[in-house]
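Each remark here refers to the structure printed beneath this line.
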Amino acid sequence: MRPPALNPLFASLRSLPGIGPKLAALFARLLVRDGETPRVADLLFHMPTGFVDRRNRPKLSEVVPDTVATVAVTIERHRPPPPNRPRAPYNITASDDTNTLTITYFNARKDYLEKLLPEGALRYVSGTVTLYDGHLQMLHPDRVVDEAGLAKLPPIDPIYPLTEGVHPNSLRKAIDAALERVPDLPEWQDAGWRERNGFPGFADALRAVHRPAAPEDLDPQNAAWSRLAYDELLAGQLALALLRGHRRKRPGRGSAAEGRLRARIAAALPYSLTPSQARAVGDIIADLAQPNRMLRLLHGDVGSGKTVVALLAAATVIEAGRQAAFMAPTEILARQHYATIAPLAAAAGIRLAILTGRERGRERPDILSALAAGDIDLLVGTHALFQDDVVFHDLALAIVDEQHRFGVHQRLALTRKGEAVDLLVLTATPIPRTLVLTYFGDMDVSELREKPAGRQKIDTRALPLDRLAEVIEAVKRALDDGRRVYWVCPLVEESETSDLAAAEERHTELNKRFGDIVALVHGQMRAADKDRAMARFAEGSARILVATTVIEVGVDVPEASVMVIEHAERFGLAQLHQLRGRIGRGSELSTCLLLYKAPLGPTAKARLAILRETDDGFRIAEEDLRLRGEGDVLGTRQSGLPGFRLARLEVHGKLLNAAREDAKLMLNRDPKLNTPRGMALRQLLYLFARDEAIRLLGAG
Ligand code: ADP
Ligand code: MG
């Protein structure tokens with residue numbers, strides 16, 4: 001039950017003066033998603049994107065054309081359009097003692113304008129002044145007031161995003177009316193926290209951003225806006241924490257193992273685990289041993305060594321006599337995981353199989369019956385693992401690699417193939433930490449912070465495409481030194497075919513120059529041909545691999561130490577980072593050449609500069625966020641994940657951690673949200689439509 005105190009904020013817009021069905025429908029388009037009905041709160045959460053400074057009061061002779069100014073003028077004469085040309089402009093001449101100004105309207109009613117701007121009267125008009133034919137003109141002033149109205153004119157006028165048919169004035173009026181409805185609500189933020197940050201109360205913060213007294217009030221970094229952003233972030237983190245607590249309580253089955261299989265795998269590894277790999281394995285073993293279900297994200301940059309952590313997790317449930325599934329997003333990756341794991345599995349006595357769309361004929365039923373009988377311990381595969389006829393004997397752990405390529409229901413489908421299946425998700429998407437918390441906040445997170453020892457920084461350079469001949473010579477020298485080269489071809493937006501054509505053409509050219517050591521791999525190739533090309537490159541009979549972005553994810557050929565990326569300006573920052581992560585995996589120094597088409601735009605230039613500067617995926621992710629804005633990083637705008645209304649992660653990202661800690665602490669102290677602050681937090685959850693989480697409180 002929603003607390004009644006919130007009712008005024010949840011009232012329909014029609015309850016506000018001056019809003020009828022037509023305007024309400026227009027506002028719906030502006031404020032909420034299709035099919036939703038906007039409430040008063042939605043108006044209040046509609047944030048300005050800029051402002052007009054109406055304190056600027058020049059004389060007409062001082063007006064700077066194309067800026068917004070408020071001028072005091074005497075209305076001289078109305079010049080309505082002639083009766084036979086009603087569409088012609090309605091001009092009004094006005095002046096002060098320095099110059100004249102033409103105020104122009106289209107499609108305006110004469111009687112209305114005569115009342116608004118009576119001849120001989122003094123009026124303050126505010127709007128954009130332009131220079132037309134050497135004369136000052138103001139087309140459709142934003143504001144026209146008399147002396148009394150001037151006193152009420154807001155000095156700083158916020159500018160809001162609009163939609164067709166909504167006039168700024170009607171939006172402004174509606175927001176003003178909504179502000180009047182803001183009730184006195186109990187404070188849900190911690191008092192000490194508020195004080196340290198100088199945050200105003202909720203209602204005051206809303207008033208400050210909608211009725212700013214100074215331009216600073218509209219700075220998202222300022223206290224008022226930050227307070228509101230924190231409210232929104234806190235609501236989100238609290239809801240996620242409640243969800244996580246609830247999921248944890250769903251019974252799982254403990255898979256305890258003393259670590260016999262893990263020890264055998266470790267002994268077979270040519271390296272020892274990095275500290276963060278060891279920590280992640282520790283986290284996972286602890287989760288698996290508990291009777292609660294595991295829901296854990298293993299987040300690590302490309303090349304940070306997630307596969308072996310996943311294998312050690314699988315070994316744990318296998319030692320407990322149960323099964324594991326390891327799902328990859330592409331055929332190439334599934335095969336690669338299989339190839340990496342096979343020798344280690346053999347050393348540990350783990351029975352391993354692979355199942356993809358390509359295991360057909362006799363092979364498939366054999367695999368399926370062995371799986372159902374429990375004669376396979378670990379099954380690696382692609383989407384094929386979801387199919388109905390894939391039945392496990394006792395699936396305990398589902399490992400999903402690169403999960404953003406799978407939908408949530410797919411990941412659920414896999415966990416339904418067993419009883420209380422634990423889930424481990426691997427991702428190399430360089431998600432800024434801020435977004436990890438936002439989108440994966442219902443999961444526990446293990447992070448692989450450091451790269452395996454011995455990795456060297458990749459020497460990254462940017463060159464214009466017209467220096468291609470030099471690049472080819474550099475490749476020649478690299479080949480002479482026995483190195484292997486990835487050559488990534490441009491991503492062409494318009495069509496896959498031209499994408500392909502570019503790669504094929506480059507392949508032909510390089511083939512002419514270097515002979516039979518050039519292989520080609522692209523998305524439209526038959527799977528078997530793809531494998532063959534990859535295998536040739538991995539074993540070294542091919543030394544240049546020309547590829548479209550199919551190599552982006554996961555491929556591991558440590559001997560490859562040169563990468564050329566054509567038209568690097570067409571790739572996103574995260575994607576370039578992923579691509580570059582294919583090299584720099586061995587002990588020798590690697591080189592990445594980013595070929596771009598000159599001239600570079602400012603964003604592309606910034607992207608390439610960041611890549612040259614750092615190969616820290618987390619830093620790159622933060623920069624990517626800054627350059628693109630939050631919605632794009634995970635493609636969330638398309639996927640329909642709720643974005644933020646008040647928080648701007650580029651600005652308020654820092655608050656997210658605090659919100660998460662705050663939520664955690666609060667739920668430790670008051671798990672049912674029954675204390676006074678807890679009750680206030682319930683209101684916050686309602687306010688930001690997170691009230692589904694409140695039901696979980698009752699579900700104990
Ligand atoms: P990713 O996290 O991108 O999936 P992989 O699991 O493919 O990374 O590992 C990348 C490479 O690093 C592989 O060649 C793997 O054998 C190697 N590797 C993994 N862990 C270590 C380690 N602790 N020390 C050295 N090399 C390692
Ligand atoms: Mg991987």
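Order of appearance sets the numbers: ligands from 1, and atoms from 1 within every ligand.
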Run the numbers for me: atoms of ligand 1, each under 4.0 Å from some heavy atom of [X], listed by number.
X	value
Ser272	22 (C), 23 (N), 24 (N)
Ser304	2 (O), 8 (O)
Thr307	4 (O), 5 (P), 6 (O), 7 (O)
Thr274	23 (N)

Open item on the list: If I apply the N/O under 3.5 Å rule, does Leu273 come out as touching ligand 1?
Closed with: no
- [ ] Look only at interatomic distance and state if Val308 has a nitrogen or oxygen under 3.5 Å from any nitrogen or oxygen of ligand 1.
- [x] no
TODO: Look at the rings of Phe537 and Tyr486 and say which category their plane angle falls in: under 30° parallel, 30 to 60° tilted, over 60° perpendicular.
DONE: tilted
Open item on the list: Could you go through Arg536 and Asp516, starting from their C-alpha distance and side-chain angles, then the distance that decides it, and tell me whether this counts as side-chain contact (heavy atoms from CB on, under 4.5 Å)?
Closed with: CA-CA 11 Å; Arg536 280 188 63 209; Asp516 198 26; 4.3 Å; yes
Is any side-chain heavy atom of [X] less than 4.5 Å from a side-chain heavy atom of [Y]?
X	Y	answer
Arg335	Arg358	yes
Arg296	Leu298	no
Lys476	Phe514	yes

Task: Close approach, Gly300 and ligand 1, non-hydrogen under 4.0 angstrom - done: no
Task: Candidate pair Arg532 and Asp529, rule salt bridge (charged side-chain N to carboxylate O under 4.0 Å, His left out), full reasoning - done: CA-CA 5 Å; Arg532 196 163 324 114; Asp529 296 336; 3.4 Å; yes
